[in-house]
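So the structure is just underneath, and the comments pick up after that.
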Amino acid sequence: MIDITLPDGSVRQYASGVTGMEIAQSISEGLARNVLSISVDGNVWDLSRPIEESAAIRLHTWNDPEGKATYWHSSAHLMAEALESLYPGTKFGIGPAIDNGYYYDVDMGEETLTPADLPKIEQKMLELAKEKNVYQRQSISKKDAVQYFNEKGDEYKLELLEGLEDGQITFYTQGQFTDLCRGPHIPDTSYIKAVKLMSLAGAYWRGDEKRKQLTRIYGITFPKQKELTEYLELLEEAKKRDHRKLGAELELFMFSEKVGQGLPIWLPKGTQLRERLQNYLREEQEKMGYQMVVTPHIGAKQLYMTSGHYAKYGADSFQPIKTPKEGEEFFLKPMNCPHHCEIYGHRPRSYKELPLRIGEFGTVYRYEQSGELHGLSRVRGFTQDDAHIFCTVDQVKGEFLQVLELTTKVIKMMGFENFTAQISLRDPANPEKYIGSDANWNAAEQAIIDATKEVDLVTTTVYGEAAFYGPKLDFMIKDALGRSWQLGTIQVDYNLPERFELEYIGSDNQPHRPVMIHRAPFGSMERFISILIEHTAGKFPLWLTPDQFAILPISDKWIPYSEGIKAKLAAEDIRGFIDDRAESIGRKIRDTELKRIPFMLIIGDKEAEKGEVSVRRQGQGDLGSMSIDQFISMFKDQLEVTS
RNA sequence: GCCAGUGUAGCUCAGUUGGCCAGAGCAGCUGAUUUGUAAUCAGCGGGUCGGGGGUUCGAAUCCCUCCACUGGCUCCA
């Protein structure tokens, strides 16, 4: 007998060789119907795999991530079977489960798939699913595995096999399809009831752009048709929140082919929004001792040679602008830090000046590959809420913590609760990608790790994501469609001060090298606002929204009265306009609702007689009639709640 | 940059296998209406069918090429 420990800590005894499915059945029929896979001492297994020794287990259903992952991975195999049956000779790369579904990378030779082919594959999958084919696990020797894929002519699987050790190789077979796979899988294909192939994309084999591009097919499956329908509806809803769509509808920003791709143009309403955000941050930063500066949009080549940006990005940036007679070369500013280093270094500095916090809403220009551009999230010209803190080694931690506090405050104030913090460190395998000494890097990386620990910030650590001059702490947030974007960033840098030979005179009357902290709580105004739009669906916080009210006179007889109301509100710094069009009140309300203007003040005979306004809240409806003073006080209450 | 797809009026979309002057709704303009909580009525104007080239008696429709956009991949100081 073996001891099986359940998640609640209770221990049950089973005969050695018991399977996950048998355990589930012994607990309840319902569980046995719904269970998809099992964790045995932390490793996810098939339900049919015998458990030989005592272990702690967790049974996974559709309701946990491991269960979904098993389900979707099995769905990828089902899709592969369908592809092999419809397109014999298809070669397979990898086919993992992802956050929402799965994909499989395939090489179809001369054949090209188009979206029109997808329904046919979906049909085949459903057909095969009904066969209730069992996912059969089989251990296989490396030699036999190599022979199998040699005969099949699948060089991708053969390459994957090269990285595997003999004795640890397993095949899974369902129906007519056999795949090299670690598993685990759901019991059989009949669990898969609803299938949708979402999209086709090119994907480089092993993520290497020098290698062949395979066809990636994204799909998702569900145990119930209803769940698929709901998922697709959710996607439709998310698309309505897309900042590119709302940005156009609310007239926040635009793009123009003539101006150039990836170069956002801010319209008056968007500019208002952006400047309010900047003013907010400016005030917060002034409280913290920041000093604002303004630097030019271009810089001489030498500046970027000194900073190292030229060596790293010179070939992949906008190419230099040259003076017509002298041929001097200037680059569009891709970063503000070199300019700020020059500000630091323009005269001798004393330790008494440190920490020196230099801030700038600096507009920078970077060449991004055309296929990468995306609304406001990925552009070629954008404004960073940038600042560089020059401080002593001893001050690094304190400064870092202050920046961390500011950044999390900003993120939380905007209501972005679902952010993740990522520590981005060097890629140990590629030291040539970075400048500076190991000692500098170690100090910088340790500073970030220590500071995040001190405030108990939950972080993930990713190697290879550091900037070339230093490690970063990045704040990641998802957009409406679940894509993750980096917003705020904090970077500790020992290297640029060295390259710019920055110094300060210490209390010992000796020169010392300062440390630099790069930081941008929003990241860029463009990307931050793109996320803000998607998270609020265009219903911005009251303090930020371009128009806070619209006065809707029922007939133009009440326009003069409306003017008076508007003036009273303006005196209280409440902004808005009068809709004086000769339209019906229903029409005015509809248009104002669609513009996401928070308050509608409706004025007709009744209100004017009593000296009141009838208040309607966007998205909520009629709040009834009240005096203008009552409205002002209600407005101010809400202003505080949302700010 | 790469793979796949899309591009018709300011917006959303129709335009059969290539065939008379390219259509609709909304928006816009003009006029009428003076309205009570999500679209008042009528009239009018508006399109190099993304650009260029080609095939054809004839191209929005077929082919080539460039541009932009969408979904991914790679990249992201």
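Just so we're on the same page: letters track the sequence lines, and every chain starts at 1. Not measured: the values here are computed from a predicted model.
- Listed by first and then second residue, the salt bridge (charged side-chain N to carboxylate O under 4.0 Å, His left out) pairs that reach into residues 296-320 of chain A are A:Lys301-A:Glu329, sequence neighbours excluded.
- Rounding to whole angstrom units, CD of residue A:Glu251 and P of B:G28 are separated by 11 Å.
- For A:Arg617 and A:Phe599, the positive end sits near the middle of the six-membered ring, less than 6.0 Å away and at most 45° from its axis.
- With A:Gln319 contributing its side chain and A:Gly314 its backbone, the two residues share a donor-acceptor pair below 3.5 Å.
- Toward the 5' end of RNA chain B, the nearer of the two residues A:Tyr469 and A:Gly375, judged by each one's closest nucleotide, is A:Gly375.
- Every residue was checked against the ring-ring contact (aromatic ring centres under 6.0 Å, His included) condition with A:His243, not counting sequence neighbours, and none meets it.
- Just one residue in the list A:Trp441, A:Tyr463, A:Phe468 forms a side chain to side chain contact (heavy atoms under 4.5 Å, CB included) with A:Arg426, and that residue is A:Trp441.
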Mind running side-chain hydrogen bond (donor to acceptor under 3.5 Å, both in side chains) on A:Thr420 and A:Gln422 for me, showing each step along the way?
CA-CA 6 Å; A:Thr420 56; A:Gln422 173 182 309; over 6 Å; no

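- When each of B:A77, B:G72, B:C76 is scored by its nearest atom to the side-chain atoms of A:Ala467, the top-ranked nucleotide is B:A77.
- One can place CG of A:Asn430 at 11 Å from P of B:C75, the figure rounded to the nearest angstrom.
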Give each protein N/O atom lying under 3.5 Å from an N/O atom of nucleotides 9-13 of chain B, with the pair distance.
none

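- Residue side chain A:Arg378 reaches the base of B:C75 through a donor-acceptor N/O pair under 3.5 Å, judged by distance alone.
- The P atoms of B:C13 and B:U40 are separated by 24 Å, rounded to the nearest whole Å.
- Here the separation of B:G7 from B:G50, taken at their C1' atoms, is 6 Å to the nearest Å.
- For B:G71, the OP1/OP2 oxygens have a side-chain nitrogen or oxygen of A:His374 closer than 4.0 Å.
- B:G51 and B:C67 are spaced 15 Å apart, taking the P atom of each and rounding to whole Å.
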If you look only at distance, which donor and acceptor atoms sit under 3.5 Å apart when one is on a side chain in residues 198-210 of chain A and the other is two or more places apart or in another chain?
| unit_1 | atom_1 | unit_2 | atom_2 | d |
| --- | --- | --- | --- | --- |
| A:Trp205 | NE1 | A:Glu159 | OE1 | 3.1 |
| A:Arg206 | NH1 | A:Glu159 | OE2 | 3.4 |
| A:Asp208 | OD1 | A:Lys210 | N | 2.9 |

Go ahead and write out RNA chain B as dot-bracket, 5' to 3': ( ) for pairs within the strand, [ ] for ones crossing earlier pairs, | when the partner sits on another strand, dots for unpaired; Watson-Crick or G-U wobble, both distances under 3.5 Å.
(((((((..((((.....[...)))).(((((.......))))).....(((((..]....))))))))))))....

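- Within the structure, the side-chain hydrogen bond (donor to acceptor under 3.5 Å, both in side chains) test picks out the following pairs touching residues 554-565 of chain A (sequence neighbours left out): A:Trp558-A:Asp605.
- Rounded to the nearest Å, the gap between the C1' atom of B:C21 and that of B:A4 is 38 Å.
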Can you name the atoms? Protein N/O to nucleotides 2-6 of chain B N/O, anything below 3.5 Å, with the distance.
| unit_1 | atom_1 | unit_2 | atom_2 | d |
| --- | --- | --- | --- | --- |
| B:C2 | O4' | A:Tyr204 | OH | 3.4 |
| B:C2 | O2' | A:Gln213 | OE1 | 2.3 |
| B:C2 | O2 | A:Gln213 | NE2 | 2.9 |
| B:C3 | O4' | A:Gln213 | OE1 | 2.4 |
| B:C3 | O2 | A:Gly202 | N | 3.0 |

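- Residue contacts shown for A:Lys212 are absent, as no nucleic acid heavy atom lies under 4.0 Å away.
- Scanning for side-chain contact (heavy atoms from CB on, under 4.5 Å) contacts around A:Ser307 gives A:Tyr304, A:His309, A:Pro338, A:Leu496, A:Phe500, with sequence neighbours left out.
- Each salt bridge (charged side-chain N to carboxylate O under 4.0 Å, His left out) pair with one or both residues in residues 482-497 of chain A, not counting sequence neighbours, appears once here: A:Asp479-A:Arg483.
- Contacts of A:His518 with the nucleic acid, taken as non-hydrogen atoms under 4.0 Å apart, are absent.
- A:Arg483 comes within 4.0 angstrom of sugar-phosphate atoms only, judged by non-hydrogen atoms across all strands, and of no base.
- Remark: the separation of the P atoms in B:U35 and B:G71 is 48 Å, to the nearest Å.
- Atom CH2 of A:Trp485 and atom P of B:C75 are 15 Å apart (whole Å).
- For the pair A:Glu236 CD and B:G71 P, the interatomic distance rounds to 13 Å; values are reported in whole Å.
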Between A:Phe416 and A:Phe475, is the ring-ring contact (aromatic ring centres under 6.0 Å, His included) condition met? List the steps.
CA-CA 11 Å; A:Phe416 300 162; A:Phe475 291 83; over 10 Å; no

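- Taking the C1' atom of each, B:C11 and B:A39 are spaced 16 Å apart, rounded to whole Å.
- Taking atom P on both B:A60 and B:G47, the two are 16 Å apart, rounded to the nearest angstrom.
- Nucleotide B:G1 holds its P atom 19 Å from the OH atom of A:Tyr313, rounded to whole Å.
- For the OP1/OP2 pair of B:A77 and a distance below 4.0 Å, the side-chain nitrogens and oxygens of A:Lys472 include at least one atom meeting the criterion.
- A donor-acceptor distance shorter than 3.5 angstrom exists from the side chain of A:Arg241 to the backbone of A:Glu534, with no hydrogens or angles considered.
- Nucleic acid contact for A:Tyr103: none, since no nucleic acid atom lies under 4.0 Å from a heavy atom of the residue.
- One P atom belongs to B:G52, the other to B:C41, and the distance between them is 40 Å to the nearest Å.
- Following rounding to the nearest Å, A:Lys210 (NZ) and B:C75 (C1') show an atom-to-atom distance of 11 Å.
- Listed for the A:Lys157 side chain is a donor-acceptor partner under 3.5 Å among the backbone atoms of A:Gly93.
- Under the side chain to side chain donor-acceptor pair (under 3.5 Å) criterion, A:Lys539 pairs with no residue, sequence neighbours left out.
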Scoring nucleotides 33-39 of chain B by protein non-hydrogen atoms under 4.0 Å (B base, S sugar-phosphate only, - none) yields BBBBBBB

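- Other residues, nucleotides and ligands contribute more than 12 heavy atoms inside 6.0 Å of the CD atom of A:Glu249.
- Atom pair A:Arg211:CZ and B:C75:C1' shows a separation of 19 Å (rounding to whole Å applied).
- In this structure, A:His243 places its NE2 atom 12 Å from P of B:C69, rounding to the nearest Å.
- Qualifying side-chain contact (heavy atoms from CB on, under 4.5 Å) partners for A:Glu607, counting only residues two or more places apart in sequence or in other chains: A:Ser614, A:Ser625.
- With distances taken from any side-chain atom of A:Arg244 to the nucleotides B:C75, B:A77, B:G71, the minimum falls on B:G71.
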